[in-house]
Structure formats: structure tokens, C-alpha cells
Amino acid sequence: GNLYVVNYQKDGTIGLVRPNGEVELYVTLPGNSIANAIMFDKKGNMLLADWVGHNVLKVDKKTKAVSVYVHSDQFNQPNDLCINKKGQLFASDPSWANGTGKIWRIDGPGKAVLLDDKMGTTNGIELSPDEKKLYVNESVQNKIWVFDVNTKGDISNKRLFHEFTDFGMDGMKCDKLGNLYVTRHGKGTIAILSPDGKLIREVQMK
């Protein structure tokens, strides 16, 4: 029932919105770290994509202590995260300056596995409800790609899922039916795509 948001009031913080609408500061990240995405592991610990520090950070559920879950000098700037039932994280990793991007799998503390380094500007990333497909969008190229995912978390069979002709994309999430909700950066809409990549509708934000 709680909603957590990055950069509450200022960069480098996490805000907590309670079910009754009350909002408070949940945690301030150390140093120059700025989170861009939030996921939770099974124990309720918070995992954050820290694009400034080239990290994925972990926030302890009980103590709120912030630690480095994984760091790699190979990271451009971790942007978005999704997690499977086994606790494997998948991370998008764009290089905005070069218009390129990578996809990583994180198998545990300190264990980053490079899955693809020949992408466009990777941003939103999401697993299908059955965890057999991984969706990754490219903000600059306006394309959403889908990969098959095996039981080990390896990806294959990259294919174009949907392409927009205008405006970028940011985060994505699937609903229980497998529809993909895509934030349209600069357009102020959420595009809803069916599991076969067809646009169902766009929801206009205020």
C-alpha cells in the first residue's frame, strides 16, 4: 500500500507516500548518489539504480542503512530495474552522450552479468508476468525490443516489439494480463500495448 518515489523534494532522496496520502522523507542517499528506479527484493529491502555512482544500492528494510549492492566501472549509468521471482535484477544502462546502451543481469551482491552491449539508448525495462519475456525500450531510437528469457536469466531472440514515430520513452510496467504500460516522455501520456505489441490506447496525464 505504500508508494516510494525517487528524488522527493530534491535529488538524492526517496519519498514515501502512505495510503492515506501523507508524504514523508524515507531516506537520503549518501554522497552524490541519485536514484532513478526502485525495486524490492523478497525480504523487503529496497534496490536502487544509482546512475551517478554507477551502482545498484541496497536500503535495509529495518535500519534504512544504504550499501552498495553492486558496482561496476563498466556501467554507463544504471537507469531502470526489474526483478524476477528468483531475485535476479535486470538493469538498463544507457549512454545518453553516445546514443547507446547495455542490458545487465545482477545475480546477487557484486554479481553483474552483461547481457547485451549493442543497444540504443536503453531506458525502460520490464519482465512479462510469466518472466519468459524481457522488454527493453530505447528512448532516443523510439523502439521497444523484446527478448526471450530462459530459466537461467539469459536472453535471446531479440525482436522489435513496437516502434513510435515521435517522443521518447521512460519507465515501463506490465499488468497481470501482460499488457505493457509505457511512459511517453515529452508527450505526457501512458501508452498501453497488448502482449502482441499493438497499441490499445494512450492515457493523457494532467
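For reference, positions follow the sequence shown, starting with 1.
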- Query: For Phe75, is the NZ or CZ atom of Lys102 found under 6.0 angstrom from the centre of its six-membered ring and inside 45 degrees of the ring axis?
  - Reply: no
- Message: For Gly12 versus Asn7, what's the shortest heavy-atom pair and its separation?
- Response: N-OD1, 3.1 Å
- Item | Phe161/Trp145 aromatic ring centres below 6.0 Å | no
- Message: Quick one: does any side-chain atom of Ser92 pair with a main-chain N or O of Asp80 as donor and acceptor, under 3.5 Å?
- Response: yes
- Query: Would you say the side chains of Asp130 and Ser128 form a donor-acceptor pair under 3.5 Å?
  - Reply: yes
- Note on the structure: NZ (Lys132) and CG (Asp148) are apart, to the nearest 0.5 Å, by 10.0 Å
- Message: Between Thr183 (side chain only) and His185 (backbone N and O only), is there a donor and an acceptor less than 3.5 Å apart?
- Response: no
- Query: Is Leu25 reachable from Val5 through a run of hydrophobic residues whose side-chain heavy atoms are each under 4.5 Å from the next?
  - Reply: yes
- Examine Met46 and Leu29 and state if one hydrophobic cluster contains both, with Ile, Leu, Val, Met, Phe, Trp and Tyr joined whenever side-chain heavy atoms are less than 4.5 Å apart. yes
- Between Asn76 and Ser95, is any side-chain donor less than 3.5 angstrom from a side-chain acceptor? no
- Item | Cluster overlap Phe164 with Val146, hydrophobic side-chain contacts below 4.5 Å | yes
- Message: Between Glu131 (side chain only) and Lys85 (backbone N and O only), is there a donor and an acceptor less than 3.5 Å apart?
- Response: yes
- Message: Would you say the ring centers of Phe40 and Tyr4 fall short of 6.0 Å from each other?
- Response: yes
- Query: Judged by modelled atom types alone, do Ser33 and Asp50 share a side-chain donor-acceptor pair under 3.5 Å?
  - Reply: yes
- Message: If hydrophobic clusters are built by linking Ile, Leu, Val, Met, Phe, Trp and Tyr wherever their side-chain heavy atoms come under 4.5 Å apart, do Val59 and Val56 end up in the same one?
- Response: no
- Rounding to 0.5 Å, atoms CG (Leu160) and NZ (Lys143) come to a distance of 6.5 Å
- Task: Would you name the heavy atoms of Lys176 and Pro129 that are closest together and state the gap between them?
- Result: O-CG, 3.8 Å
- Derivation and outcome, side-chain contact (heavy atoms from CB on, under 4.5 Å), residues Met39 and Leu89: CA-CA 9 Å; Met39 277 287 137; Leu89 279 171; 4.2 Å; yes
- What's the verdict on side-chain contact (heavy atoms from CB on, under 4.5 Å) for Val136 and Met119, showing C-alpha distance, side-chain angles and the deciding distance? CA-CA 9 Å; Val136 183; Met119 298 287 292; 4.1 Å; yes
- Message: So does Leu193 get a backbone contact from the side chain of Arg201, meaning a donor-acceptor N/O pair under 3.5 Å?
- Response: no
- Message: Just to verify, which of Leu48, Ile14, Asp60 counts as forming a side-chain contact (heavy atoms from CB on, under 4.5 Å) with Val27?
- Response: Ile14
- Message: Looking at His71, I'd like to know if its NE2 atom is crowded, meaning that more than 12 non-hydrogen atoms belonging to other residues, nucleotides or ligands lie closer than 6.0 Å.
- Response: yes
- Query: Side chains of Ile144 and Met169: closer than 4.5 Å at any heavy-atom pair?
  - Reply: yes
- Would you please test Phe90 and Trp104 for ring pair (Phe, Tyr, Trp, His ring centres under 6.0 Å) and show each step? CA-CA 6 Å; Phe90 295 83; Trp104 296 85; over 10 Å; no
- Message: I'd like to know if Lys61 pairs up with Asp41 as an ion pair, taking the criterion as any Lys NZ or Arg NE/NH1/NH2 lying under 4.0 Å from an Asp or Glu carboxylate oxygen.
- Response: no
- Tell me, yes or no, whether the heavy-atom count around Arg159 atom CZ, taken from other residues, nucleotides or ligands under 6.0 Å, exceeds 12. yes
- Task: May I ask you to say whether Asp107 pairs ionically with Lys86, meaning some side-chain N is under 4.0 Å from a carboxylate O?
- Result: no
- Query: Does the Glu202 side chain pair with the main chain of Ile190, one donor and one acceptor, at a distance under 3.5 Å?
  - Reply: no
- Return the minimal non-hydrogen interatomic distance between Gly178 and Cys174, and the atom names on each side. O-SG, 4.1 Å
- Message: Before you tell me yes or no, could you show the steps for His162 and Leu199 under side-chain contact (heavy atoms from CB on, under 4.5 Å), namely the whole-Å CA-CA distance, both residues' side-chain angles and the distance that decides it to 0.1 Å?
- Response: CA-CA 9 Å; His162 191 89; Leu199 180 65; 4.3 Å; yes
- Task: Go through Val17 and Asn2 one step at a time and tell me if the side-chain contact (heavy atoms from CB on, under 4.5 Å) criterion holds.
- Result: CA-CA 6 Å; Val17 185; Asn2 291 328; over 6 Å; no
- Between the side chains of Asn36 and Trp51, is a donor N or O closer than 3.5 angstrom to an acceptor N or O? no
- Do side-chain atoms of Thr100 reach the backbone of Gly120 as a donor and acceptor pair under 3.5 angstrom? no
- If only atom types and distance count, is the side chain of Thr63 paired as donor or acceptor with the main-chain N or O of Ala65 below 3.5 Å? yes
- Message: Rounded at 0.5 Å granularity, tell me how far CG in Leu127 sits from SG in Cys82.
- Response: 4.0 Å
- Message: Main chain of Asp93, side chain of Thr122: is a donor-acceptor contact present, judged purely on distance under 3.5 Å?
- Response: yes
- Task: Please check if any side-chain donor atom of Asp175 sits under 3.5 Å from a side-chain acceptor atom of Tyr181, or the reverse.
- Result: yes
- Task: Flag the pair Glu163 / Gln141 as yes when at least one side-chain heavy-atom distance between them is below 4.5 Å, and no otherwise.
- Result: no
- Query: Tell me, do Tyr8 and Thr28 make a side-chain contact under 4.5 Å, heavy atoms counted?
  - Reply: no
- In terms of hydrophobic clusters joined by side-chain contacts under 4.5 Å, are Tyr69 and Leu57 together? no
- Is the backbone of Gly124 close enough, under 3.5 Å, to the side chain of Asn137 for a donor and an acceptor to pair up by distance? yes
- Query: In Å and rounded to the nearest 0.5 Å, what is the CG to CD1 distance from Leu81 to Ile125?
  - Reply: 8.0 Å
- Item | Lys58 side, atom NZ; Asn45 side, atom CG - distance, nearest 0.5 Å | 4.5 Å
- Test item: Arg105 side-chain N/O and Leu115 main-chain N/O as donor-acceptor pair under 3.5 Å: no
- Item | Heavy-atom pair with the smallest gap, counting every atom of Lys133 and Val149 | C-CG2, 3.8 Å
- Within a strict 4.5 Å, meaning less than it, do heavy atoms of the Ile83 and Leu47 side chains meet? yes
- Which atoms form the tightest heavy-atom contact between Gly186 and Phe167, and what is the distance? O-CE2, 3.4 Å
- With rounding to the nearest 0.5 Å, note down the distance linking CD in Glu138 to CG in Asn123. 10.5 Å
- What are the two closest non-hydrogen atoms of Lys158 and Phe147, and how far apart are they? CB-CE2, 3.4 Å
